[in-house]
Amino acid sequence: GIKLEVTDNFTLNSTINYGPAAPTAANLDDLATGTATQDYFFVEVPNPTGQLKIRNLSPTKGYKFNVFGSRVASGSAVRESKFVFTGGNSFTGQLVTTDGSTGNITTTLKTILLFPDASGVITIDLSIVTGNFAYINAMKMEEYDIPVNQSMYVDFGPTGGNNGAITPSPDVNNHYWNNPTNGSVGATTALVNANNVATGYTVTVTDNFSINSSDSYGLLTPTTANLGDLSIKTATSDYFYLENGNPTGQLKISSLSPSKGYKFNVFGSRVASGSAVRESRFVFTGKNSFTGQLVTTDGADGNKSTVLSTNVLFPNASGEIMIDLSIVTGGFAYINALKIEEYDIPVINVTALQITGNDITTSGQTSQMSAVVTPSNASSSAVSWKVDNTSIATINSAGVLTPANNGSVVVTATSLLTPAISTTKTINISNQLTELFFSGTATENGDNIADALPMRMVRGLTKNITNIFEIYTSLKADGTF
């Protein structure tokens, strides 16, 4: 049922096959099939990008990709391709397809374990790094079953009476529940897992919720066929909620492990009077994010059968995932119950970095810095950038170096995954225009360049070279400046 779809155009080699016709298993393992390696899809200037989408992937499985690209290029051109894989998490890697004398015959690009997004999709973007061409000849995709490490169950709502009750533990499935009952900012619940083992994780209210205060208007007769192990009456019958006077609420899950992934299953329901359709929006944000909507009241009855499930999410650098609830339609939003599943994700640390990038020799020209990560299948290739002297040049988060003056600057890249790993490269900057003067027979100083009117470069807040100059002057009665 898995499908591969082209979503941004590629060009196909149309005459001679310029890839390796006789690959060896010693170099390329089971990709060493001549009919696979000798031809290719490619992109070139002025069509510098191509994209593939792999659809209908299982949200409970992980996927690894091995990619091969090669082209015997005429002359001494070095051609390098960039691959970006994006799903529930992401991977970026680069592959030299032509080394300046021959095509690649030995190297495949291997990704980390990737998860599909909430739609069951992983996207592959191909673009050019150097040499005006990028290639993809063959690819192997491996599917992995990822076992759940532990699960946590959360029942949102009041403590008892007609307005609801906490969920007693263990339930009929022998699962233990967590019972947040206070919707005020700062209210914190320490989470235990389904086996009643403390996880060290907490859920904290960081934006106020209301709590149903009269009858339980949630789902009173849940069924396992519809809701699985969330079908516990005390969990589905009460809730935290929002209304127009308090339209947003937020929860923070803290102290999560950066080496693990988390999947969330959310249930919300409210039997509404009249024919109002009520729909809630959930936004989960960590290192990656997920946005989804849940109809909690369909106009005739409360939700009985739909659980909103996220893709695998990863905590931010502080070990947190935020859950934002807001109103889509109907003036109300609800969260009744939540199941959190934790997955062990193998982390491959960065062991070395190398910076590639060119000197700047033209005024106002920028230079793209790139970081090559070792090993190529490290869990993250993301880096931070900085320079040692911002009066010479500045660099942004994407690695674009912009000159401010002539001179040399030391660029540093640091791995975000493994901060102890960093590297530097010196970039020389020359031929920058920093001064311009206004002279001529119609100026008060005439043609004397030494006394010419100075113009001011428009630099902006960053003080970078722009090649844009301006002058403030006035036109006198005799027609001179």
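Using a distance-only test at 3.5 Å, with no hydrogens or angles considered, a donor-acceptor pair links the side chain of N56 to the main chain of G1. With hydrogens and angles ignored, the 3.5 Å screen pairs no side-chain donor or acceptor of D388 with any backbone N or O of V409. When atom types are taken as modelled, the side chain of N195 and the backbone of V197 share no donor-acceptor pair closer than 3.5 angstrom. Here the side chain of T426 pairs no donor or acceptor atom with the backbone of V410 at under 3.5 angstrom. The backbone N or O of A194 lies less than 3.5 Å from no partner atom in the side chain of S151, so there is not a single donor-acceptor pair. Side-chain atoms of N336 come within 3.5 Å of backbone atoms of T236 as a donor-acceptor pair (strictly under, hydrogens ignored). With hydrogens and angles ignored, the 3.5 Å screen pairs no side-chain donor or acceptor of S255 with any backbone N or O of Y201. Remark: the backbone N or O of N208 is paired with a side-chain donor or acceptor of N246 at under 3.5 angstrom. The closest donor-acceptor contact from the side chain of N173 to the backbone of H175 lies at 3.5 Å or more, if one exists at all. Listed for the Q368 side chain is a donor-acceptor partner under 3.5 Å among the backbone atoms of A398.
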>> Test side chain to side chain contact (heavy atoms under 4.5 Å, CB included) on L52 and T123; report intermediate values, then the result.
In response: CA-CA 6 Å; L52 303 167; T123 301; over 6 Å; no
>> Assess the residue pair T111 and K64 against the criterion (side-chain hydrogen bond (donor to acceptor under 3.5 Å, both in side chains)); give the C-alpha distance rounded to whole Å, side-chain angles, the decisive distance to 0.1 Å, and a yes or no.
In response: CA-CA 6 Å; T111 74; K64 285 185 178 179; over 6 Å; no
> Checking side chain to side chain contact (heavy atoms under 4.5 Å, CB included) for the pair L57/V121: CA distance, chi angles, key distance, verdict?
Replying inline: CA-CA 6 Å; L57 299 173; V121 174; over 6 Å; no
> After noting the C-alpha distance and the side-chain angles of N47 and T11, does the key distance pass the side chain to side chain contact (heavy atoms under 4.5 Å, CB included) rule?
Replying inline: CA-CA 9 Å; N47 175 40; T11 306; 4.2 Å; yes
> Does the side-chain hydrogen bond (donor to acceptor under 3.5 Å, both in side chains) test come out yes or no for K386 and S384, once each step is laid out?
Replying inline: CA-CA 7 Å; K386 68 176 183 179; S384 62; over 6 Å; no
>> Please evaluate residues T49 and V43 with respect to the criterion side chain to side chain contact (heavy atoms under 4.5 Å, CB included), reporting the C-alpha separation (whole Å), side-chain torsions for both, the decisive distance (0.1 Å), and the verdict.
In response: CA-CA 6 Å; T49 62; V43 297; 5.8 Å; no
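N303 pairs in a side-chain contact (heavy atoms from CB on, under 4.5 Å) with only one of the listed residues (V295, L294, T297), which is L294. The side chain to side chain donor-acceptor pair (under 3.5 Å) test with T188 singles out one residue from N182, T204, T202, and that residue is T204. Here the rule is side-chain contact (heavy atoms from CB on, under 4.5 Å) with N104, and of S81, S70, P20 only S70 fits it. Of the residues listed (Y135, F10, F133), the one engaging Y40 in a ring-ring contact (aromatic ring centres under 6.0 Å, His included) is Y135, and it is the only one.
Contact check for F83 versus S127: no side-chain heavy atoms found under the 4.5 Å cut-off. Within the 4.5 Å cutoff, no side-chain heavy atoms of F284 are placed close to those of T291. Looking at heavy atoms from C-beta onward, L242 lies in side-chain contact with L325 at the 4.5 angstrom threshold. Residues S280 and I327 fail the side-chain proximity criterion, which asks for heavy atoms closer than 4.5 Å. Taking the side chain as every heavy atom from C-beta outward, L338 and I323 approach each other to under 4.5 Å. Side-chain contact between I2 and R55 is absent, with no heavy atoms from C-beta onward closer than 4.5 Å. No side-chain heavy atom of W385 sits under 4.5 Å from any side-chain heavy atom of N396. Contact of the L28 side chain with the T37 side chain is registered, since non-hydrogen atoms from C-beta on lie closer than 4.5 Å.
Atoms CG and OG1, from N178 and T199 in turn, are 7.5 Å apart once rounded to the nearest 0.5 Å. With values rounded to the nearest 0.5 angstrom, T310 atom OG1 is found 11.0 Å from D117 atom CG. Taking OG1 from T97 and CG from N137, the interatomic distance works out to 8.0 Å, rounded to the nearest 0.5 Å. In this structure, CZ on F91 lies 11.5 Å from CZ on F65, to the nearest 0.5 angstrom. Interatomic distance, CE of M141 versus CG of L4, reported as 8.5 Å (0.5 Å rounding). In this structure, the separation between NZ on K252 and OG1 on T206 is 6.5 Å, given to the nearest 0.5 Å.
At most 12 non-hydrogen atoms from other residues, nucleotides or ligands lie less than 6.0 angstrom from NZ of K233. At most 12 heavy atoms of other shown residues, nucleotides or ligands fall within 6.0 angstrom of atom NZ in K287.
Residues T234 and I166 approach most closely at CB-O, 3.8 Å, considering heavy atoms. Of all heavy-atom pairs between I321 and L313, the closest is CD1-CB, 4.1 Å. The two residues V383 and L353 come nearest to each other via the heavy atoms CG1-CD2, 4.0 Å. The two residues Q38 and A21 make their nearest non-hydrogen contact at OE1-CB, 3.5 Å. Across F115 and K61, no two heavy atoms sit closer than the pair CD2-O, 3.5 Å. Taking each heavy atom of P375 and N349 in turn, the nearest pair found is CD-O, 3.5 Å.
Under the 6.0 Å cut-off for aromatic ring centres, Y262 and F314 do not qualify, their centroids lying 6.0 Å or more apart. Between Y176 and Y153, the distance from one ring center to the other does not fall under 6.0 angstrom. Here the two rings, on F156 and Y239, have centers that are 6.0 Å apart or farther.
Using modelled atom types and a 3.5 Å distance limit, the side chains of W177 and D171 yield a donor-acceptor pair. No side-chain donor from either of N226 and S305 sits under 3.5 Å from a side-chain acceptor of the other. Side chain to side chain, S231 and T224 meet the donor-acceptor criterion of an N or O pair below 3.5 Å. Side chains of Q51 and D125: a donor on one and an acceptor on the other come within 3.5 Å. For the 3.5 Å distance criterion, the side chains of N265 and S309 qualify, holding a donor opposite an acceptor. For Y241 and R270, the side-chain atoms include no donor-acceptor pair closer than 3.5 Å. Donor-acceptor pairing under 3.5 Å is recorded for the side chains of T248 and D207.
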Taking only distance into account, with no hydrogens and no angle test, what donor-acceptor pairs under 3.5 Å do side-chain atoms of residues 29-36 form with protein atoms, sequence neighbours excluded?
residue, atom, partner, partner atom, Å
D30, OD2, K140, NZ, 2.7

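Salt bridge status for E341 with K339: present, with a side-chain N to carboxylate O gap under 4.0 Å.
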